[in-house]
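First up is the structure itself, then whatever we jot down about it.
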Amino acid sequence: QVQMVESGGGLVQAGGSLRLSCAASGRIFSVSAMAWFRQAPGKEREFVAVINWNGGSTYYADSVKGRFTISRDNAKNTVYLQMNSLKPEDTAVYYCAATRRGLPVGVNGYDYWGQGTQVTVSS
């Protein structure tokens, strides 16, 4: 099992920045990649960004490319999501996820999930 705890969410004005953190524990050696997803009210959970745990390869959703940056600190077993130039449409609950299988972008590709952290962007 892998446990993950997100932090760093909050309320920010449009154009502002936030940095989310996801601390992982447990069987980290089994993890191939970690990702961020988000879910807005009434919408399906959607992919935001993913990072390969060992090599550091990254991939982003088009909606956040150029504004968000995913990174990792292997020594701390922590993944970050730096969010800049935030827009009201970025408002959602943000979830950290981990997988043992490659570098997927779909929800079904992930084995472990955090509890989520709320990000609200005011206009």
Side-chain angles (χ1 to χ4, degrees):
Q1 288 287 345
V2 176
Q3 296 78 39
M4 290 166 292
V5 178
E6 301 101 331
S7 61
L11 173 65
V12 63
Q13 288 189 332
S17 298
L18 281 175
R19 188 176 84 154
L20 305 183
S21 299
C22 174
S25 60
R27 300 172 64 89
I28 304 298
F29 63 87
S30 67
V31 171
S32 63
M34 292 186 70
W36 289 94
F37 286 76
R38 66 186 181 185
Q39 189 167 18
K43 294 188 176 181
E44 293 186 352
R45 193 169 299 188
E46 65 174 3
F47 168 79
V48 174
V50 61
I51 187 165
N52 175 273
W53 192 244
N54 294 317
S57 300
T58 59
Y59 183 73
Y60 297 90
D62 287 343
S63 58
V64 306
K65 202 172 294 182
R67 300 188 298 123
F68 291 10
T69 302
I70 189 170
S71 61
R72 81 209 189 287
D73 184 334
N74 291 49
K76 296 182 178 180
N77 291 334
T78 299
V79 173
Y80 304 97
L81 186 68
Q82 178 66 42
M83 305 185 294
N84 299 329
S85 302
L86 282 161
K87 305 175 182 180
E89 51 263 44
D90 294 318
T91 295
V93 177
Y94 283 71
Y95 296 90
C96 180
T99 182
R100 298 169 294 176
R101 299 162 286 162
L103 209 67
V105 298
V107 170
N108 292 335
Y110 287 82
D111 306 297
Y112 308 105
W113 293 86
Q115 82 288 351
T117 185
Q118 177 71 46
V119 171
T120 302
V121 184
S122 63
S123 58

Could you list all the ring pair (Phe, Tyr, Trp, His ring centres under 6.0 Å) pairs where at least one residue sits in residues 5-40, not counting sequence neighbours?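 Passing the test, one end in residues 5-40: Phe37-Phe47, Phe37-Tyr110, Phe37-Trp113.
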
Indicate yes or no: at least one non-hydrogen side-chain atom of [X] is less than 4.5 angstrom from one of [Y].
X	Y	answer
Tyr95	Glu6	yes
Val119	Asp90	no
Ile28	Val2	yes
Met4	Tyr112	yes

For Glu89, give me all partners under salt bridge (Lys or Arg N to Asp or Glu O under 4.0 Å), at least two apart in sequence or on another chain.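 Result, salt bridge (Lys or Arg N to Asp or Glu O under 4.0 Å) vs Glu89: none returned.
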
Drop me the distance from Asn77's CG to Met34's CE, to the nearest 0.5 angstrom.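 One gets 8.5 Å once the value is rounded to the nearest 0.5 Å.
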
Just how far is it from atom CZ of Arg67 to atom NZ of Lys87, taken to the nearest 0.5 Å?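 If we round to the nearest 0.5 Å, Arg67:CZ and Lys87:NZ are 4.5 Å apart.
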
Cluster question for you: counting only ILVMFWY and a side-chain heavy-atom cut-off of under 4.5 Å, with indirect links fine, are Val31 and Val79 together?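 Same hydrophobic cluster.
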
Val48 with Val93, same ILVMFWY side-chain cluster at under 4.5 Å: no

Show me the donor-acceptor pairs within less than 3.5 Å that the side chains of residues 53-64 make with the rest of the protein, sequence neighbours left out.
{"unit_1": "Tyr60", "atom_1": "OH", "unit_2": "Ile70", "atom_2": "N", "d": "2.9"}
{"unit_1": "Asp62", "atom_1": "OD1", "unit_2": "Lys65", "atom_2": "NZ", "d": "3.1"}

Pairs satisfying salt bridge (charged side-chain N to carboxylate O under 4.0 Å, His left out), at least one member in [range], at least two apart:
range	answer
residues 113-123	none
residues 44-61	Arg38-Glu46
residues 96-109	Arg100-Asp111, Arg101-Asp111

Once side chain to side chain contact (heavy atoms under 4.5 Å, CB included) is applied, do any residues pair with Ser71, and if so which ones, sequence neighbours excluded?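 Partners of Ser71 under the side chain to side chain contact (heavy atoms under 4.5 Å, CB included) test: Tyr80.
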
In chain order, what residues pass the side chain to side chain contact (heavy atoms under 4.5 Å, CB included) check against Ser32, with sequence neighbours excluded? Thr99

Quick test of your reading: applying disulfide (SG to SG under 2.5 Å), list the pairs with at least one residue in [range], sequence neighbours left out, ordered by first then second residue.
range	answer
residues 36-83	none
residues 27-61	none
residues 31-82	none

Please tabulate, one pair per line, all N/O donor-acceptor pairs under 3.5 Å involving side-chain atoms of residues 10-26, not counting sequence neighbours.
{"unit_1": "Ser17", "atom_1": "OG", "unit_2": "Asn84", "atom_2": "OD1", "d": "2.9"}

Check for a donor-acceptor pair, side chain of Gln39 on one end and backbone N or O of Tyr94 on the other, with a separation under 3.5 Å. no

